[in-house]
Amino acid sequence: MATQRPFYDEQYKDFSNFLGEAEYLYEPYCIEFKAASTPGSWSSITHFYPSEDDDGVTAVPLAEALPDLDKVPTTSTSDFQDEDLASPATKFPDDELISPAEAPCDEVDHEDDGQAAGGRSLTDGKFLGVLELIDTLKVSPRGLPSIPVGRKENTLFIIQNQRNIDRRAVGQVCSFTDDCGAWKPSPSPVTRMIKNGERWQSIILRGGQYGTEKRVNGKKMFVPADQQPSEEDILNVHRMYNILKADENYKRRATWLEPAPTPIACVEYIGHYPGAAPQGNAKATRIVLFTTQQVRDIRRFCCSSPPGEGTVLGVDKTFNLGQLHVTPTVFKHLGIVRPTTNTHPIFIGPTLIHGHSDRKTYSTFFPFIKQELEDAPKDLVIGSDEEMAIRIAAKSVFPTGSLISCSRHLKSNMILYLRDKVGVATRTRNNIVSAVFGPGGVTSSPTIAVFEERLNNIQTTINDQNAAYLQHFTSRVLPILQQNLDTMLTRTEASHDWTNNNCESMNHILKMKIDWRPQAIPQLIDFIHEIVKGHYTDIERAIMGRGEYRLHEDFKEYFVQPAVWCTKTDEQRRRHMEKFERVLKIKRSMAWQHLLTEISMS
C-alpha cells in the first residue's frame with residue numbers, strides 16, 4: 001500500500017501558527033520547514049510519514065494527514081523493563097488533576113525556565129533517608145497524576161500510584177513513565193520497618209522469621225526477635241533505583257509504602273539532566289530549517305567559484321541540545337569582515353533536527369539544499385569529520401560536488417588508533433603521523449605526483465615499523481586522503497589543512513544560546529531562529545558602518561549612511577539588501593593580488 005505523504009498546504013505557511021503544534025509531532029510524524037517568501041522567517045513546506053517502504057506516494061491534503069492533536073501524547077515515553085512499560089502515561093480525567101499549587105510540597109512553579117512544575121528541591125542533591133521518605137509519604141495528600149514534563153534536577157515529586165499497585169496485584173512490574181529517556185534497570189530493594197514506640201526501625205525477614213543482625217566476632221549474625229511481629233505491624237518501603245542510559249551520573253529513585261494510607265509514590269531525581277536520547281518513533285523525526293537569505297548566501301559564497309571566491313559548507317552533528325540531535329551547516333560570510341582581524345565571520349546555514357543519524361536521514365536533508373541551489377554555477381564543497389553517513393549522503397545527492405574531511409579529526413583518529421588499537425611505541429607513532437600530516441607530509445602534497453611519492457614512502461615506513469597498521473591505513477585512511485587531495489587540487493575553497501573548527505564553534509554558540517540546558521523542540525527552533533536573525537541584523541549594521549563587522553572591500557558600494565538608511569522605507573531597505581545578497585566576492589589570481597599590492601604601495 002502506498003504511503004500517504006501530504007503536500008504543501010497554504011494554511012501552514014505561517015510558521016508561528018504551526019509552531020504550537022510541533023511538540024505533538026515528536027513520534028510518528030516527520031516535519032520539514034523551509035523559508036517563507038519573507039526574508040528571515042520560517043514556514044512549513046512538507047510533512048510526511050516515515051516509511052520503510054518505497055512502493056509509491058499518495059499526495060493528500062495536509063489537514064487530513066495531520067493527527068488528531070487531542071489524541072496524540074505530548075511526550076515520547078519509554079521505560080526500562082519490557083515493551084509493556086513503554087506505553088504513554090495514563091490520561092486522567094480533568095477532575096482528578098491536581099495543580100502545582102495544590103501539590104503536597106513547598107515548591108515554586110518553574111515552568112517558564114523549563115523546570116518541571118510541582119516538585120520539591122532535594123537538599124545537597126541527595127536522595128532522602130528512609131525515615132524522611134516515610135514521613136513524606138505518610139503526611140502527603142493525593143499527588144500529581146503523573147511525573148511532570150520538563151527538566152528535573154535534584155528534585156522530588158509526589159505522584160498518584162494506584163496504577164502501579166494494580167499492576168503489582170496481577171504480577172506486573174511497576175512503571176514510572178517520564179520524559180527523560182531510557183533508564184537502566186537496577187535493584188528494587190524492600191526495607192521492612194516496624195514501629196518501636198514513636199520511632200521506626202528496620203527489621204529483617206529471613207527464613208520466615210523477623211529479626212535483626214548483630215556483629216559477633218567480626219561476622220554478621222541474624223538474631224530472631226523474641227516476639228515475632230504480625231504482618232499488620234510491618235511497613236514495607238519499596239524503592240526502585242534507575243540510572244539514565246545517556247548519563248550514569250543522572251539518577252532516579254521511586255519509593256512507595258505498603259500498606260499505605262494513600263496510593264502515592266515519591267519520585268526523586270538527582271544530578272544534571274543531560275538531555276534525552278530520542279526514543280521510539282521520535283527517532284524518525286526530521287526537521288529542516290532554513291531561510292531565503294541563508295540560501296542566497298550559500299549560492300553566492302559556496303557555489304560561485306569561479307568566477308567568485310568560494311568557501312566550504314561545513315556540516316557537523318552536535319548533541320545535548322534537546323531530545324533530538326542537531327546538525328547545522330556553516331559557511332563564511334564573505335561580504336563582511338571583522339576590522340580587527342580582517343577575517344570573515346561564520347554564519348549558520350540550513351539546519352537539520354533529527355533522531356536517526358544514518359545515511360537515509362542525511363539523504364533527506366541534502367536534497368532540500370540541492371533543490372534551493374538549482375541552477376547554481378558550481379556544486380558545493382562539503383566539509384565534515386569522518387562521519388560516513390554524512391559523507392555518503394552528501395556524495396549521493398551532490399555527485400559532481402566535492403568532499404573534504406577535517407584534517408584535525410583525521411590526525412587525532414590516527415593517533416588514537418596507533419596508540420590504543422595497535423599499541424605502537426610513541427616514537428614510531430610520531431614518525432608515522434608526521435609523515436602524513438606534518439610539513440612536507442602526504443596531506444600537504446601540491447600535486448598528484450608528489451602525493452604518490454610521499455604515499456609510497458609512508459607505506460614503506462608503516463610496513464617496516466608496524467605492518468599490522470598497513471591494512472587499516474590502506475582501507476580506511478588512504479581513500480579519505482585521496483579525496484581530500486582531489487578536492488584541494490580542483491577547488492580553491494579547500495586547503496590541505498581544512499578543519500571543521502567553524503562547525504564546532506557554531507555548535508558551541510548553540511549550546512551557549514540555550515545555557516547548556518536541553519530544550520523542547522519548539523523552543524530549540526526558536527533559539528536557532530534567533531541566531532539566524534542575529535546574523536542578518538549584523539549585516540544591516542555593517543551596511544551602515546555600525547556594529548562588530550564592516551563591509552568587505554568588494555561590497556563597499558552598498559554602504560549607506562545611518563541617517564539615510566533610517567529614512568528609507570521597508571521596501572527600499574528590502575531591495576537594497578536583496579541587491580547586496582546577489583553580489584559575489586571577486587576572485588583574484590595571485591598575480592592580480594600581487595599587482596594590487598604593488599599599486600597600493602607605490
Side-chain angles (χ1 to χ4, degrees), residues 302 305-314 332 378-388 390-392 394-395 398-419 422 424-502 587-595 597:
C302 301
S305 176
E309 183 176 329
T311 183
V312 174
L313 183 71
K332 289 182 180 180
K378 197 81 172 179
D379 260 340
L380 295 166
V381 177
I382 297 176
S384 67
D385 55 21
E386 294 179 75
E387 186 160 349
M388 293 306 296
I390 292 177
R391 293 171 54 81
I392 293 173
K395 194 61 179 177
F398 296 98
T400 60
S402 301
L403 302 182
I404 189 164
S405 293
C406 174
S407 61
R408 179 172 55 83
H409 277 88
L410 287 170
K411 181 179 179 179
S412 176
N413 290 339
M414 176 180 283
I415 292 172
L416 292 175
Y417 194 93
L418 287 169
R419 185 189 69 191
V422 185
V424 177
T426 302
R427 177 174 294 182
T428 302
R429 183 172 70 239
N430 291 341
N431 290 338
I432 294 174
V433 172
S434 178
V436 176
F437 296 101
V442 174
T443 58
S444 59
S445 302
T447 66
I448 294 176
V450 173
F451 177 88
E452 291 172 345
E453 183 63 24
R454 291 176 178 176
L455 176 63
N456 182 64
N457 293 336
I458 185 58
Q459 287 178 317
T460 301
T461 300
I462 293 174
N463 188 56
D464 292 342
Q465 298 187 7
N466 197 294
Y469 179 62
L470 185 59
Q471 193 278 332
H472 174 83
F473 176 83
T474 303
S475 62
R476 298 294 300 274
V477 180
L478 180 56
I480 298 178
L481 297 182
Q482 291 172 323
Q483 193 167 55
N484 279 4
L485 175 70
D486 181 66
T487 299
M488 183 186 70
L489 295 179
T490 57
R491 300 294 294 266
T492 56
E493 305 95 305
S495 62
H496 74 272
D497 58 352
W498 182 88
T499 71
N500 65 347
N501 289 351
N502 294 336
K587 183 176 182 178
R588 301 180 176 88
S589 65
M590 294 298 294
W592 176 244
Q593 292 180 8
H594 182 68
L595 178 61
T597 302

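Worth saying up front: this structure is predicted, and the values here are computed from it rather than measured. Side chains are part of it too, since the values below use all heavy atoms of this structure and drop only hydrogens, waters and symmetry mates.
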Checking the side chain of [X] only, and the main-chain atoms of [Y] only, is there a donor and an acceptor separated by less than 3.5 Å?
X: Thr474; Y: Leu470; result: yes
X: Ser475; Y: Gln471; result: yes
X: Lys395; Y: Gly401; result: yes

Subject >> Spacing of NE2 belonging to His496 relative to CG belonging to Leu481, to within rounding of 0.5 Å >> reply: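 Here the interatomic distance stands at 12.0 Å.
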
A side-chain contact here means heavy atoms from C-beta on lying under 4.5 Å apart; do [X] and [Y] qualify?
X: Arg391; Y: Ile480; result: yes
X: Phe473; Y: Val436; result: yes
X: Asn484; Y: Leu410; result: yes
X: Met414; Y: Leu418; result: yes

**OP:** Test Gln459 against Leu478 for side-chain contact (heavy atoms from CB on, under 4.5 Å), laying out the working first.
**Re:** CA-CA 10 Å; Gln459 287 178 317; Leu478 180 56; 4.0 Å; yes

Shortest non-hydrogen contact between [X] and [Y], atoms and distance:
X: Cys302; Y: Leu380; answer: CB-CD2, 3.5 Å
X: Pro439; Y: Ser444; answer: C-OG, 4.5 Å
X: Gly441; Y: Arg454; answer: O-NH1, 2.9 Å
X: Ala494; Y: Met488; answer: O-CG, 4.0 Å
X: Val312; Y: Gly383; answer: CG1-N, 3.5 Å
X: Arg429; Y: Val424; answer: NH1-O, 3.2 Å

**OP:** Quick one: sort the His472 and Tyr417 rings into parallel, tilted or perpendicular, breaks at 30° and 60°.
**Re:**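 Aromatic pair His472/Tyr417 classed parallel.
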
